[in-house]
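In what follows, chains carry the letters A, B, and so on, assigned in the order in which the sequence lines appear, proteins first and then strands, with residues in each chain numbered from 1. Values below: all heavy atoms of this structure, side chains included; hydrogens, waters and symmetry mates excluded.
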Amino acid sequence: MKELILKDSEYEIKRGKIVRTKMMTEQEKLFEIVLPGGDNLDHDPGQFVEVSILGAGEAPISIASSPTKRDSFELVVRNVGRVTGALHKLETGDEVGIRGPFGKGFPVRILEGNDLLFVAAGLGLVPLRSLINFVIDNRRDFGKVTVLLGCKTPDNMLFGDELESWRKRLDVNLNCTVDKADPEWKGNVGLITSLIPGVTLKPKRTFAVVVGPPIMYKFVIQELLKKEIPDRQILVSLERHMKCGLGKCGHCQINGIYCCQEGPVLSYDRIKSIPEAL
Amino acid sequence: MAKPKVAFFDFACCEGCQLQVANMGELLFDVLGAIDVVEFREVMSEKGPDKIDVAIVEGSITTPHAVEKIKKIRERASVLIAYGSCATIGGVNGMKNNFKLDDIRKEVYGKDAKYFETIETMSVPQVVKVDYLVNGCPVYLPEFVKVLKAALAGLPYQVPDYSVCVECKLNENVCMYQKGVTCLGPVTKAGCNSWCINNGNICYGCRGMVSNPNEKGAKDVLEKYNIPMDLIVNKMNMYNKCREIDQREQKKR
Amino acid sequence: MKKTHIATLKKERFDDFISALARLQKVVAPVARGNGQFAFEPVVSGNEIALDYIPTILPPKKYFLPQHETLATFDTTKGQQMEPVVAYEKMVIFGVHTCDLAGIQSLNMIFSERPKDVNYLIRKSAITIIGYECNDYCDEYASCRLVHNHTPNGGYDLFFTNLGDKFIIHINTQAGDDIIESAGLFEPAQAADLKALEQLRSDKRKLFANEVPVVHENIPEVFAKSFNSKVWEDLGKKCLACGNCTNVCPTCYCFDVIDEPNLDLKTGKRYRRWDSCQSETFAQVAGGESFREERGARQRHRFYRKFKYPMNKFSRLFCTGCGRCSRTCMAKINLKETLTQLVKEQAMTDLKAGNQ
């Protein structure tokens, strides 16, 4: 048996340095990461990376920052498993392994010139934030921008300060809702779907971008269809177990497609014919 | 960094699983290089300190005294590893639960029975919170080392929740059912690398049942192979009798 | 002068041939394991080889995609340092049936598709394949005629056909010819040998009959309409989710990637291990949600990955007809029967639609 060191393995990792961390909620922690030599990650909004902690393993994590932020990128990680648990123990100065970016992100070229309706629930804001901030940084390239956000309680709301800055902008309409309010909460109470009927939009020139827990999609899409947004203009990002990121290991497969290659961003037009998608 | 303090404890068992550690061979040196054994009745007489990092517990809980003792161990230990079938699933001691407690007491202790209190056999996780499970009768050493590493690194260890068949196929064994022998591999949790079958034996189910077995499907399979249900239940109960305690608790809820 | 592509080997020289080959490099071939079971194992002589064998417990994919394969070694003493590696071995696989040749061809497609899997490709390039023809059905589980794998469709360096007192060999590659040349045991084929081969193939056309009432070309169409069939629910009731069917499948290639640190907790390896879409946790995400919770949905996924999805992507069925999944299934889920049920159900539906 011969052993060979590979220079061209797809499993090679880059050594990312954590330059900032922040607990965002009890369960979610933000990591800002710099690649060796300050290299740009060169991702599209909506793509993901495979994050390694050697010894613990590797996990797919959505990129939370816009590619317009060039020197570093951000991840928001929920502590739910072996790798993410180990990640939560890391602090500024620690290293993580990075592979990627992987997958098809949001088709920003196609979105340009159109009105955008962002719908995010829970952790769905994380991948969507990469696109929202991209749009804000290239604001004149896009039409009207509406952001609808939902989460369980006000404590769970991610990126609170950033949401405030979006709220103050004259070129962004932001509306938030929580399932259960606390005494200080001044916004909406109710499911994310309850925000959609109140939005005024021109369906032909609107793209809706939806990211949230699996259960949410069907209901949100129903509301969007009522607004007569065409199927191909409804975009979703699907969460699957993208173990290898290379379209091989099979874990992320949705019927015939590898979510890590052809997704995670897919149009409703496309997934209508993929019964396992929603 | 100081090496983690590790202590071994035992309850109702044959202590064979602890013996496995002593029989580790060369690997033992690597293990001892990584930990500081502070209490291990089988190989040393010293008693450990009040606070220990890792408690490795063999045996099942069968007396009120044992209940108190395991609770104290739990308080002392940051991490508790249930070690071997008796600890993780009750194991062969569970067969006691086939009988009335009084009958058992009389059978074992005769006229002195009244001096010996007894309770139905329970696994360690049925009494206290357990952080890691090392199933098996005896434990499969490579898995024990894997769990120990996870415990030392502060990482979770998930006992595979698929059947022994998975590992058995990867080892390309001839299926016991092909040989006309009844084997519990199809409903038993993997993680042992199909150790017994690799060595020509059947699977006795010592690692516990997979958590969501297709019971109806399994019954059909038995019928097809002409295997009486009683035989399988008996075989299964040899190690898995204490499972009934969990089922009872579930019904209450 | 262009060399001939056909040679023959007398039966009595077969043992010498394998022995000579095994002195030069590792040779693996089907070996009897008792209870009518066979496995590819290293051999040093021809006598060890079971020429008359039914498909081995595991297909030869185990040499292309080992059950456990180290992808990288790591050392975190100075940060996240990892070195991707491949372990490989030069070897000859002797006696690969046409169904398994098709299986290897399918895996080649998967692993050479971008992003390429260099581990697989390096290992593949170190392997020489000698195919071996089935003159008759191995048993009732095979469905090789359905998928046209009862006769050779390439994918080998040499291909042996048993003509009774001798083998006739198709030399397909230079690597194959080098083996023939260096052995010095082979003879040129005579007209009678070629005629015998022709006769054998023509006999086979009668012997092998489509095992399922549908022609190859129409299978994807059957599947296009069968996603909500009750057949899947029935399979779900039977299936024990033991994963035997996928582990023994020559074209199943799903895997898990796992880190195994050493006791120092600093060094260790990252490896991949065969995984199965039949396992309950396979399509589960970190939050616990599973996208194919029902056993029936998982069985359906397996069938679609053989008969529908690869057809869209590679214009190729990924079922080789070897019959291993049916042969190994504890619950006696039978591929031929399942296909037949789907076809019949489809015919009923079409009939009803026609009547309305």
Counting heavy-atom pairs under 4.5 Å with chain A, which one of C:Arg292, C:Glu89, C:Arg272, C:Gln284 comes out on top?
C:Arg292
How about A:Ser52 and C:Arg270: do any of their side-chain heavy atoms sit closer than 4.5 Å?
yes
Please determine if A:Arg240 forms a cation-pi arrangement with C:Phe291, meaning its NZ or CZ atom is less than 6.0 Å from the six-membered ring centre and no more than 45° off the ring axis.
yes
Find the distance between CD (C:Glu83) and NZ (A:Lys7) and round it off to the nearest 0.5 Å.
6.5 Å
Under 3.5 Å: donor-acceptor pair, side chain of C:Gln80, backbone of A:Gly16:
no
Does A:Arg232 CZ have over 12 foreign heavy atoms under 6.0 Å away?
no
Please tell me if the side chains of C:Phe282 and A:His251 come closer than 4.5 Å, counting only heavy atoms from C-beta onward.
yes
Taking C:Ile110, C:Leu71, C:Val285, C:Leu265 one by one, which has the highest count of heavy-atom pairs under 4.5 Å against chain A?
C:Val285
When rounded to the nearest 0.5 Å, the distance separating OG1 of C:Thr73 from CD1 of A:Ile5 is 7.0 Å
Less than 4.5 Å to any heavy atom of chain C: does that hold for the side chain of A:Ala56, its backbone, both, or neither?
backbone
Is chain C contacted by the side chain of A:Lys243, its backbone, both, or neither, given a heavy-atom distance below 4.5 Å?
side chain
Is it the case that over 12 heavy atoms from other parts of the model lie below 6.0 angstrom from the NZ atom of A:Lys152?
no
With a 4.5 Å cut-off on side-chain heavy atoms, are A:Glu58 and C:Asp259 touching?
no
Highest number of heavy-atom pairs under 4.5 Å with chain C: which of A:Lys2, A:Glu12, A:Met242?
A:Lys2
Got a second to check how far C:Phe74's CZ is from A:Ile53's CD1, nearest 0.5 Å?
11.5 Å
Given side chain to side chain contact (heavy atoms under 4.5 Å, CB included), test A:Arg15 with C:Gln81 step by step and report yes or no.
CA-CA 7 Å; A:Arg15 295 168 66 173; C:Gln81 268 182 327; 3.2 Å; yes
To the nearest 0.5 Å, what is the distance between OH (A:Tyr258) and CD (C:Glu113)?
8.5 Å
For C:Lys116, does the NZ atom have more than 12 heavy-atom neighbours from other residues, nucleotides or ligands under 6.0 Å away?
no
Side chain, backbone, both or neither: which part of A:Val83 has a non-hydrogen atom closer than 4.5 Å to chain C?
neither
What do you reckon, is CD of A:Glu26 surrounded by more than 12 foreign heavy atoms closer than 6.0 Å?
no
Residue selection (most heavy-atom pairs with chain C, distance under 4.5 Å) from A:Gln261, A:Arg78, A:Glu276:
A:Glu276
Side chain to side chain, C:Arg305 and A:Gln253, heavy atoms closer than 4.5 Å:
yes
If the test is side chain to side chain contact (heavy atoms under 4.5 Å, CB included), which one of C:Val118, C:Val86, C:Val85, C:Asp117 qualifies with A:Ser9?
C:Val118
Distance, nearest 0.5 Å, that separates CD1 of C:Ile258 from CZ of A:Arg82:
9.0 Å
Heavy-atom distance under 4.5 Å between the side chains of C:Tyr304 and A:Asn255, does that happen here?
no
Atom CD1 in A:Ile257, atom CG in C:Asn312: separation rounded to 0.5 Å?
12.0 Å
Take atom NZ in A:Lys69; do more than 12 heavy atoms of anything else shown fall under 6.0 Å from it?
yes
For residues C:Asn119 and A:Leu6, determine if any side-chain heavy atom of one lies less than 4.5 Å from a side-chain heavy atom of the other.
yes
Could you pull out the closest heavy-atom pair between A:Glu95 and C:Gly79, with the gap in Å?
OE1-CA, 3.3 Å
Is there a donor-acceptor contact under 3.5 Å from the side chain of A:Lys248 to the main chain of C:Pro115?
yes
